[in-house]
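Start at 1 and go down the list; that is how both ligands and their atoms are numbered.
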Amino acid sequence: MATQSSVKAVMDNVEVTFGGRSVRLPVVRGSEGEAAIDIGRLRSDLGLITLDPGYANTGSCTSAITFIDGDRGILRYRGYPIEQLAEKSSFLEVVWLLIHGELPSAAQMKELKAQVTHHTMLHENFRRFFAALPKDAHPMPVCAAAVGALATFYQEPESEGLIHDTVIRLIAKMPSIAACSYKHSIGQPFMYPRNDLDYASNFLYMMFATPCEEYEVDPVVARALDLLLILHADHEQNCSTSTVRLVGSSRANLFASISAGISALWGPLHGGANQQVIEMLERIAAEEGTAERFLARAKDTNDTTRLMGFGHRVYKSYDPRAAILKRTCTEVINRVGGSSRLLEIAMSLEELALKDEYFVSRRLYPNVDFYSGVIYKAIGIPVNMFTALFAMGRTPGWIAQWLEMRREPSSKIGRPRQIYTGATERPYVPMERRG
Ligand code: ACO
């Protein structure tokens, strides 16, 4: 017999009836009007849990950092629209904004720049750490391991005061770690950071200079990289950020939590997609396959091919970051004079997909990764470094989310439940009777 159940909205709470018992659950509202049912009492009062694979409709926390409206293509950090931050701010300004909640004053900005510059160097023993890794190691696991290893160099317990130092160290050392992971993969000596350069320029210098050859940083290229870092800086409760929060919820330290976030970001359905996009575009260019032929494969349900850089769990209209990057692509390619072939293929794939019933009906639009790879490629970043740059950009967001979670008085260790579907109790069968 079916159990009688119902869910009824009553003003600011929802009444749920199940098995003859009822509970009123409060509705929590966000500052942009979103509503959520606080299901805390569902289990104690009705013996129910919620089931939501992939957390597609589950709010894991309240947060004041980033607002996304996926239907309207809106992204704001601390209330500021991403379009305005992309046009007017710098990555370090966004770092301050995400972590402290307000835009920095001139004095605060000066202090942040000085502190970040002071902490860019890695401990000399890191050379031996990198040397122990295989030469063809992908930079993402190298970065994840190196960030985790920072916890062995800075072992102080994380008091509120010391957390500030950990935060600065992470922001400052991420470019050095990412550049070292690249230099290691091509067998070149590591370059020490240069304190006279800004954040993005210093990273480009550590990537491309050698002890025998100077590298002059093109300000247009540095600005494009800074923009990419801004656009990737936070994206509320995505897979890697939720990982950082979950790991941090056990009171694991910040380095360990961010290292876990880097590992989560590596996956091809998350940050790894930008590498996959460029590989897809290059395959189409090399095979002289038309965009139409590729789209047909992406739509075929018997074929696992996906149009990489398309679709998003949250954005069901254009990802605003993709719109900004599409414009930047043309500017960068005009400036550096690289091949525009990949951009042409990307634009024709987009044009066809946005007219195609398959993509339209599923509300699949370009995401941030669709054009970011074309820019990285044009400015000379090797494909296997794309996701490492994403991690560099996302670091302040991870840190801000981790700090918010740790400072929330009601925060608990993350521990989802499950609906068990395995065997019910049965007696142990000795080996000789198992057949
Ligand atoms: N190409 C072809 N079909 C797609 C694509 C795509 N890129 N994305 C989704 N679909 C289809 C699915 O096959 C599914 O079709 P169905 O309803 O007939 O089964 C439908 O659209 C819904 O897709 P889901 O996978 O259920 O959507 P979900 O929200 O779980 O996944 C995701 C979102 C992972 C981003 C997905 O769109 C995807 O795999 N895109 C390509 C990878 C990518 O670009 N990832 C980067 C995301 S942005 C970021 O992490 C920074």
Side-chain angles (χ1 to χ4, degrees), residues 52-58 66 68 70-71 73 75 77 82 140 227-244 261-281 283-284 291-326 342 345-346 348-376 383 386-398 401:
D52 183 18
Y55 310 122
N57 198 36
T58 293
T66 290
I68 301 175
D71 287 326
L75 169 61
Y77 299 158
I82 192 67
M140 280 301 269
L227 173 71
L228 281 155
L229 298 178
I230 293 172
L231 296 183
H232 285 94
D234 194 48
H235 214 236
E236 52 117 307
Q237 310 313 318
N238 54 78
C239 174
S240 55
T241 303
S242 300
T243 301
V244 169
I262 296 172
S263 299
L265 186 69
W266 186 21
L269 295 188
H270 192 10
N274 56 15
Q275 174 169 346
Q276 307 257 331
V277 170
I278 219 75
E279 286 166 359
M280 169 185 83
L281 297 176
R283 240 182 357 258
I284 295 174
E292 283 94 338
R293 208 152 8 118
F294 186 84
L295 282 188
R297 288 188 59 195
K299 293 188 299 183
D300 183 351
T301 43
N302 298 316
D303 191 323
T304 53
T305 305
R306 282 197 165 191
L307 178 54
M308 297 311 286
F310 252 69
H312 198 277
R313 174 60 65 78
V314 179
Y315 292 117
K316 299 302 171 194
S317 74
Y318 218 97
D319 178 341
R321 303 166 300 172
I324 296 167
L325 287 180
K326 189 177 175 183
L342 298 186
I345 295 173
S348 76
L349 278 172
E350 179 192 333
E351 197 185 325
L352 289 167
L354 296 187
K355 285 192 292 210
D356 191 297
E357 200 275 329
Y358 175 94
F359 292 92
V360 173
S361 63
R362 288 170 179 76
R363 304 179 71 193
L364 301 170
Y365 292 86
N367 61 49
V368 66
D369 287 329
F370 196 64
Y371 287 107
S372 64
V374 178
I375 301 182
Y376 287 138
V383 174
F386 289 3
T387 320
L389 263 77
F390 190 157
M392 218 166 100
R394 184 54 56 85
T395 300
W398 286 332
Q401 301 273 351

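Using bins of under 30°, 30° to 60° and over 60° for the plane-to-plane angle, the ring pair Y376/H232 lands in the parallel bin.
Under the 3.5 Å distance criterion, the side-chain polar atoms of T243 are matched with a main-chain donor or acceptor of C239. No donor-acceptor pair closer than 3.5 Å links the side chain of D369 to the backbone N or O of G309.
For residues 307-319, every residue pair satisfying the side chain to side chain donor-acceptor pair (under 3.5 Å) rule, not counting sequence neighbours, is listed here: H235-Y315, Y318-E350, D319-R321.
Residues satisfying the side-chain contact (heavy atoms from CB on, under 4.5 Å) criterion with T66, sequence neighbours excluded, are I68, L75, Y77, L98, D234, E236. Taking the salt bridge (Lys or Arg N to Asp or Glu O under 4.0 Å) definition, one finds that E351 meets it with K355, sequence neighbours left out.
At a 4.0 Å heavy-atom cut-off, the residues surrounding ligand 1 are L269, H270, A273, A298, R306, L307, M308, G309, F310, G311, H312, R313, Y358, R362, L364, N367, V368, D369, F390, listed by chain and number.
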